[in-house]
Amino acid sequence: MTRYLVRRIALIVPTAFAASIVVFLVMRALPGDVALAILADTPHTVEIREALRDELGLNDPLVTQYLRWMASMMSGRFGGASLETGEPVGTIVGRQLSVTALLAAYTVAVSLLVAVPLGVAAAMRRGTVFDRAVQGFAAGSLAVPTVFASLLLVWVLLRLFRWSPPIIYSSPGEDLLEHAEIMIWPALLLAAAYLPHLLRVTRARLIDVLQSDYADAARARGLSELGVVVRHALPNATVALITVAGLQFGTLMSGALVVETVFGLPGLGRGIVHAALARDYPVVQSAAVVLVVLVLCANLLVDLAYAVVDPRVHYERRAS
Amino acid sequence: MSNAAGRTANGMLVEAQQLRVHFYPRSGLFRRGVVKAVDGISLGIAANEIVAVVGESGSGKTTLGRALVRLVPITEGTVIFAGTDVGSLEGEDLKAYRRRAQVVFQDPYASNSPFMTIGDQLLEPLVVHGIGDQSSRREAVRRALELVRLTPAADLVDTYPHTMSGGQRQRVCIARALMLEPEFIVADEPVSMIDASSRAEILSLLRELQERRGMTILYITHDIASARHFSDRTLVMYLGTAVEAGPSATVIGEPLHPYTQGLIAAVPEPDPANRHSLRSVIPGEPPNATAVPSGCPFHTRCPKVIPGTCESVRPVLKEARPGHAVACHLYE
Amino acid sequence: MRIAAALFLAVVALSALTASLIAPFDPLEQEVGRRLAPPSATHLFGTDGFGRDVFSRTLHGARVSLAVALAAVAAAGVIGSSLGLASGYAGGAFDLVVQRVVDVLLGFPFLVMALIVVVALSPAPLAVAAAIALALTPLVTRVARAAALSVANEEYLTVVRSTGAGASRIVLRHLLPASAPPLVAYLATCLGTAIGAEATLSFLGLGVPPPYPSWGRMLQEGSRAYFDAAPWVTLMPGAVLCLTVVCLVVVGDAMGDPRRGRAGPIRH
Amino acid sequence: MAFLEATDLLLEYETPRGALRAVDHVSFAIEEPGETLGIIGESGSGKTSMVSLVTRVLPRNAGKVGGRIVYGGRDLTALSAEQYRRTVRWSEIAVVFQGAMNSFNPVLRIGPQVGERLLLDGMPRAKAAAEVERLFELVGLTADVARAYPHELSGGMKQRAAIASALSLNPSLVILDEPTSALDVSVQAQIMNLLKRLKWERRLSYLFITHDIALAADLADSIAVVHAGELREFGPADAVLTSPRDPYTERLLASIPRIHGEQRPGFLAGAPPDPMDRPAGCRFRPRCPRAFEPCATRPPELVEVGERHLARCWLYADETRRRQAREGATS
């Protein structure tokens with residue numbers, strides 16, 4: 001187990017590096033001129049553009065640029081300072097990361113609390129009106145783009161409660177109630193996009209298990225239907241549930257970009273959008289890598305949970 | 001179709017010599033041991049002969065059959081078919097060999113494409129090899145279906161396999177194997193997925209076709225009783241090696257190897273007296289193919305093991321009686 | 001349900017094609033006297049802050065949104081399917097390399113990938129399409145590979161191989177027909193994703209630049225300036241967008257419905 | 001009073017094409033405790049559906065259900081589902097399933113699954129573990145198997161564990177649903193020996209379901225042959241196996257390749273009829289080598305052809321007529 005853990009963590013490093021290369025290549029090698037893009041909205045001369053290129057180090061070979069950026073990432077400076085405010089990128093990302101991490105945690109928690117009981121209930125009553133309603137809810141909630149859902153929610157809140165999102169964010173340490181008030185709607189919106197995946201997989205796996213030979217064997221041994229669910233189906237569904245929870249973590253992060261922007265949450269998502277609009281390259285580049293690493297860490301957690309839950313994944317034993 | 005000149009020196013149509021097929025299962029990036037599925041088998045099959053290969057799961061019998069028709073790569077050794085070395089065939093030469101050697105697979109449910117009609121599936125070999133024109137091909141399909149007694153043929157060509165029973169599907173598979181008029185057919189457990197009651201029907205159909213067409217058949221099975229009635233000679237395999245070989249009547253009638261004896265004792269017979277006594281059985285289960293025991297591979301389960309010899313020395317297949325060979329230290 | 005969804009999609013596609021013929025007003029024509037008029041018989045979806053007819057803009061917006069999404073899905077479909085099918089069928093070192101690259105790309109949240117591409121390229125419809133295509137490609141590759149693998153492991157392909165059929169016949173006659181249905185179904189869903197992504201990027205200000213009235217751009221304009229006073233400017237195109245995506249998902253699901261099984265066409 | 005008596009069993013499935021009658025008025029019995037009944041049939045004959053009626057684990061699409069099952073003097077069909085679960089299931093009638101390979105949950109250890117019913121009935125964990133160990137010894141497994149996961153066991157070991165589980169509450173009837181069909185021949189013989197030993201030592205009764213009539217000879221004291229949802233022949237194993245009366249049983253026996261003796265296996269052509277479209281008259285007629293005039297039109301009835309020996313065939317119409325005459329005389 002320990003060896004597996006070490007190996008998995010070690011595997012994240014090359015993947016993260018590969019991701020950083022992708023980010024770097026996309027940002028630098030695509031046929032767009034960074035300096036031109038930054039200055040796009042302001043009148044400028046060729047000299048000014050050249051000076052900017054020199055300042056940004058854009059005239060150095062790509063490899064040098066990449067290594068310089070990486071060195072800065074590794075040293076914790078996260079690629080220097082923001083072009084817009086001059087603030088170190090590390091500080092910006094650090095500040096925003098906690099907001100997004102909390103938002104993600106709330107979303108996952110809400111999703112599990114809703115999706116698992118609902119999925120189990122639907123599977124146990126499969127084919128009924130209730131089941132079809134649950135499936136319809138999942139399909140609908142999966143299909144509605146988060147942008148539209150967010151706007152619709154804001155409009156409803158505005159109309160019904162004259163409520164609009166607080167302008168200033170409070171951390172849970174500062175004011176828990178206000179924090180909850182700020183986070184609840186974004187978290188619910190994200191959960192609406194995230195939980196259908198969990199709901200569907202819970203229902204599907206549970207139906208599989210309930211129809212399996214070993215479920216029949218358990219029934220024949222005298223287990224009640226609820227007993228079969230609790231003792232046999234849930235442990236099996238957990239494996240699939242964890243997998244999907246990890247696979248869809250990227251979806252959650254995409255959604256975070258939208259809801260953080262709509263609700264004005266100072267997280268990584270709004271941060272990267274804001275930086276992108278301001279053509280703040282160092283911030284975009286570093287924030288993108290941080291977001292990818294977040295997803296990789298989520299996947300790592302999934303792999304570990306997997307190894308704990310599913311005995312068929314006995315990595316060490318098979319290796320010997 | 002086969003001619004005497006095309007045969008190997010000792011008159012065999014197909015001859016495998018010291019054939020080895022090893023697999024290296026991968027798990028991620030790492031190799032995990034080696035599976036010696038076929039480990040040094042020599043086997044000759046004369047024209048118009050039916051040879052049975054008998055063994056339990058993991059014995060390598062299926063791999064042996066697939067190696068003979070080049071569906072798996074050969075690790076070591078040679079396969080000679082009518083004088084040519086099959087192991088080195090490539091491209092057009094391999095395609096030409098496929099025309100002469102065909103396979104009937106074990107699982108009739110999986111070996112038909114669910115997306116093609118029966119007619120299209122039977123046509124496919126002809127299309128691949130560019131044989132005949134449209135009308136002659138259609139005629140060939142009709143004849144093949146009638147040959148395997150799937151009638152009325154005209155009604156069946158446009159149906160999809162999912163409408164058929166296992167026995168019918170297996171007859172489609174046999175018809176397809178016959179489309180190219182091969183000289184040699186590997187029948188890989190052709191009846192193990194079919195109800196016990198329908199097995200004899202399929203086997204006697206194969207036998208009848210073999211006699212009429214002058215074909216050579218390698219019959220792979222775990223059912224030693226069917227080998228006795230269906231084949232001329234029998235080879236018994238255990239963990240990738242041959243343990244006994246000879247005329248089916250003698251190998252099964254007077255088995256020498258303790259494993260063969262155990263297999264025969266395990267065959268159920270509908271004798272009501274059986275319920276009053278225990279059967280003599282081979283203890284344990286076949287070891288994993290990645291961990292073949294040292295010495296005689298069967299020594300871990302053998303009731304007649306000779307201490308000191310069987311664990312360390314691997315017995316070779318030798319003639320113990322005329323035409324009847326066995327790989328066992330008891331007969332040395 | 002499926003038929004209604006397909007019908008709606010057909011109507012949307014048709015009106016996008018004929019927008020300039022059927023739109024009652026010029027989508028760019030401003031008329032100060034009619035600013036922020038609520039929906040009425042003349043202005044079905046009302047008017048926006050410049051007095052432009054929202055219905056006409058929605059019709060024309062469909063053009064941009066659908067064109068961008070179609071281009072993105074076409075590119076991702078071609079590249080992703082060929083890569084995925086090839087790596088699933090060929091296996092070996094090629095498969096290993098493709099898989100690793102796909103793994104890395106899948107680590108990127110969809111919008112983050114699209115966002116960095118848009119930032120790197122100058123903002124234009126084609127850049128948005130490219131961005132969405134790049135974000136979709138690893139997903140399509142993975143689905144195509146899975147489809148190819150599930151077919152490639154079928155016993156009947158061994159049977160076909162044993163008759164002497166070459167790789168091209170196996171891929172063209174067996175692998176493609178068998179893996180096409182799930183892939184096409186997935187691509188329909190992808191089209192929904194792409195429309196949503198275009199809207200999101202435009203909404204965030206990173207998508208199709210003015211004056212093109214794409215759906216996402218209309219969401220942004222409406223929600224920034226006068227969401228409270230004139231919600232129809234935002235919600236009307238938003239509803240059309242949302243319905244289109246939902247219908248695409250419904251149609252995609254129906255195409256990939258496991259209940260239809262893989263038993264092949266059934267004869268009557 | 002017989003030990004187990006099933007009368008007029010009936011089971012229909014609801015399918016998109018309409019009601020499918022899988023079990024059509026089948027009756028059978030086990031006379032004495034300790035005796036074994038073999039039920040033999042091809043796939044699609046309805047033999048597994050008969051088991052599901054006895055065990056009351058019906059598929060979801062089960063429709064009309066009928067018949068009476070009396071076990072040890074109790075009418076099981078009169079029990080509520082809950083009463084059946086508490087007083088009969090596993091404690092009186094246990095099952096070893098066809099898919100023994102799949103009858104264990106892959107993510108749970110073997111021990112707790114074998115002892116699941118003991119734990120469920122409130123036995124302390126340590127005591128249940130000891131009990132499982134004892135059961136394992138009985139079926140030839142070592143104690144450490146309890147800690148293994150299903151994928152770590154061979155097919156034979158899993159089947160032994162399934163048998164151990166069936167014995168955990170000491171039932172008097174065990175239903176064996178194709179218990180060896182997925183095993184290699186040598187392992188199959190081991191399992192058959194184990195079952196035989198348990199039968200002798202514990203005076204167990206089996207209801208042994210198989211498509212292999214030769215295998216049935218290893219355990220069965222009496223034999224029921226089913227075809228197309230109907231009972232074809234029913235009688236003592238000695239009679240049915242040595243002098244079968246129904247042509248279907250005859251062909252079944254002849255199709256088995258014998259290891260001893262020169263006789264080549266014979267044919268049993270075709271497959272059981274489509275259950276939605278069964279022929280009028282005798283359901284075996286299209287496959288029967290001995291069919292004659294009455295077979296095409298009127299369905300034959302079960303008639304007594306010997307001591308406790310029934311067959312469903314027009315060849316024994318004389319017996320039918322005699323019986324009808326007898327009944328006519330007495331009424």
Side-chain angles (χ1 to χ4, degrees), chain B residues 54-59 149 164-168 191 193-205 207 221-230 249 252-253 255 259 262-288 301, chain D residues 36 41-45 154-157 180 183-194 196-197 199-200 210-221 223 236-242 248 251-272:
Chain B
V54 179
E56 293 180 279
S57 55
S59 63
R149 298 199 205 95
M164 297 182 133
S165 73
Q168 283 179 311
V191 294
M193 307 276 287
I194 299 175
D195 261 318
S197 51
S198 312
R199 289 176 185 168
E201 187 191 4
I202 297 283
L203 287 183
S204 50
L205 174 68
R207 167 127 236 166
T221 183
H222 66 264
D223 177 7
I224 197 165
S226 72
R228 178 174 190 272
H229 298 285
F230 179 63
I252 298 163
Y259 178 65
L263 274 185
I264 288 168
V267 173
E269 298 247 279
D271 179 352
N274 284 350
R275 70 181 192 277
H276 302 299
S277 58
L278 292 177
R279 264 191 252 158
S280 65
V281 296
I282 311 170
E285 294 188 41
N288 195 300
R301 304 172 71 195
Chain D
T36 292
E42 295 166 277
S43 46
S45 62
S154 70
M157 288 160 91
T180 61
L183 301 175
D184 270 318
V185 277
S186 65
V187 182
Q188 168 177 291
Q190 292 170 14
I191 298 291
M192 293 310 286
N193 275 356
L194 169 65
K196 243 183 257 186
R197 241 190 344 96
K199 178 186 168 191
W200 298 337
T210 178
H211 70 276
D212 187 346
I213 194 168
L215 203 59
D218 256 359
L219 282 177
D221 302 300
I223 281 179
D238 297 294
V240 175
L241 292 176
T242 49
Y248 177 59
R251 300 319 298 165
L252 270 185
L253 276 167
S255 68
I256 294 165
R258 305 295 174 97
I259 199 92
H260 306 290
E262 278 310 307
Q263 197 197 356
R264 277 208 178 174
F267 267 27
L268 175 54

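A, B, ... follow the sequence lines: proteins, then strands. Residue 1 opens every chain.
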task = Measure across D/A217 and B/N274 and return the closest heavy-atom pair with its distance rounded to 0.1 Å.
result = O-CB, 4.1 Å
request  = Dump the intermediate steps for side-chain contact (heavy atoms from CB on, under 4.5 Å) on B/D223 and D/V185, then the final yes or no.
outcome  = CA-CA 8 Å; B/D223 177 7; D/V185 277; over 6 Å; no
ask   = Taking B/E201, B/Q168, B/E56 one by one, which has the highest count of heavy-atom pairs under 4.5 Å against chain D?
value = B/E56
inquiry  = Test your reading of the model: is there a side-chain donor-acceptor pair from D/K196 to the backbone of B/S277, 3.5 Å cut-off?
reply    = yes
query = Of all of D/R197, D/M192, D/R251, D/H260, which one pairs up most often with chain B through heavy atoms under 4.5 Å apart?
reply = D/H260
remark   = Nearest heavy-atom approach of B/I252 to D/I259 is CG2-CD1, 3.6 Å
request  = Name the region of B/N288, side chain, backbone, both or neither, that has any atom closer than 4.5 Å to a heavy atom of chain D.
outcome  = neither
query = Within the side chain of D/Q190, is there an N or O that forms a donor-acceptor pair under 3.5 Å with the backbone of B/G284?
reply = yes
key: Region of D/L215 in contact with chain B, defined by heavy-atom distances below 4.5 Å   = both
request  = Could you look at B/L278 and say if it's the side chain, the backbone, both or neither that has a heavy atom under 4.5 Å from chain D?
outcome  = both
ask   = What option among D/D221, D/V240, D/D212 has the most heavy-atom pairs under 4.5 Å with chain B?
value = D/D221
task = Against chain D, label B/R228 side chain, backbone, both or neither, depending on which of its atoms sit under 4.5 Å from a heavy atom there.
result = side chain
message = Give me the atom names and distance for the closest heavy-atom approach of B/A225 to D/P257.
response = CB-O, 3.5 Å
inquiry  = If you count heavy-atom pairs within less than 4.5 Å of chain D, which of B/H276, B/E269, B/R301 leads?
reply    = B/E269
task = Nearest 0.5 Å please: distance from the CE atom of B/M193 over to the OG atom of D/S43.
result = 11.0 Å
ask   = Is a donor on one side and an acceptor on the other found under 3.5 Å between the side chain of B/H222 and the backbone of D/D184?
value = no
task = Measure distances from D/A220 to the heavy atoms of chain B and classify the residue's part below 4.5 Å as side chain, backbone, both or neither.
result = backbone
ask   = Just wondering, do D/I256 and B/P270 contact through their side chains at under 4.5 Å, heavy atoms?
value = yes
query = B/I224 versus chain D, heavy atoms under 4.5 Å apart: side chain, backbone, both or neither?
reply = both
remark   = Output for pair (B/L203 CG, D/S255 OG), nearest 0.5 Å, gives 11.0 Å
key: Ion pair check, B/R275 and D/D238, cut-off under 4.0 Å   = yes
remark   = Heavy atoms of B/E285 and D/G155 approach each other most closely as OE1-N, 4.2 Å
query = Do any N or O atoms from the side chain of D/Q188 and from the backbone of B/A266 form a donor-acceptor pair under 3.5 angstrom?
reply = no
